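One-based numbering along the sequence shown. Please read these numbers as outputs of a predicted model, since none were measured by experiment.
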Amino acid sequence: MCDRSGNCSNDGVCQLVLRNRTTGMDVVEHHCKAHLVLRVWEVERDDELEVVDATTLQQSSAADEPVGQELHSSNER
């Protein structure tokens with residue numbers, strides 16, 4: 001489910017929500033944990049995007065539905 005090529009650790013799936021500062025539109029991306037760190041680093045250097053939320057998605061044994069755990073939230077910009 002990670003949208004990066006190469007050797008992916010696939011150690012969990014993370015959902016990253018980004019906001020375009022020009023348009024105000026949010027974009028959702030999915031990455032493994034290793035590539036999430038890289039993507040957040042890229043966004044921090046981009047003047048047009050900001051990180052809104054990053055959540056680890058985990059499979060629930062009972063309902064088989066993803067459950068989120070908040071990793072990072074940056075709404076103060």
Side-chain angles (χ1 to χ4, degrees):
M1 191 162 190
C2 185
D3 56 350
R4 298 282 184 152
S5 60
N7 291 333
C8 181
S9 69
N10 254 344
D11 184 23
V13 176
C14 300
Q15 176 177 292
L16 179 63
V17 181
L18 304 174
R19 179 168 293 134
N20 183 310
R21 291 183 177 155
T22 305
T23 66
M25 295 183 67
D26 289 353
V27 175
V28 177
E29 299 178 353
H30 292 92
H31 303 279
C32 70
K33 287 181 184 179
H35 288 131
L36 174 73
V37 173
L38 176 62
R39 183 64 177 136
V40 169
W41 181 81
E42 291 172 345
V43 169
E44 292 294 323
R45 285 160 175 65
D46 189 332
D47 292 335
E48 293 183 23
L49 296 173
E50 69 177 312
V51 174
V52 175
D53 186 54
T55 305
T56 301
L57 304 177
Q58 296 178 345
Q59 288 296 100
S60 170
S61 57
D64 228 16
E65 300 254 343
V67 176
Q69 289 182 337
E70 187 173 323
L71 293 176
H72 174 79
S73 182
S74 173
N75 292 325
E76 63 269 14
R77 293 184 189 181

Measure the [atom1]-[atom2] distance between [X] and [Y] for me, rounded to the nearest 0.5 Å.
X	Y	atom1	atom2	value
Thr22	Glu48	OG1	CD	5.0 Å
His31	Cys14	NE2	SG	9.0 Å
Arg19	Leu49	CZ	CG	11.0 Å
Arg39	Asp46	CZ	CG	7.5 Å

Requested in this report: Going by the side-chain contact (heavy atoms from CB on, under 4.5 Å) test, name the single residue among Leu18, Val27, Asp26 that passes it with Val52.
Outcome: Asp26

Query raised in the report: Looking only at heavy atoms, what is the nearest atom pair of His30 and Leu57, with distance?
Result: CD2-CD1, 4.0 Å

Query raised in the report: Gln15 and Val28: which non-hydrogen atoms are nearest, and at how many Å?
Result: CG-CG1, 3.5 Å

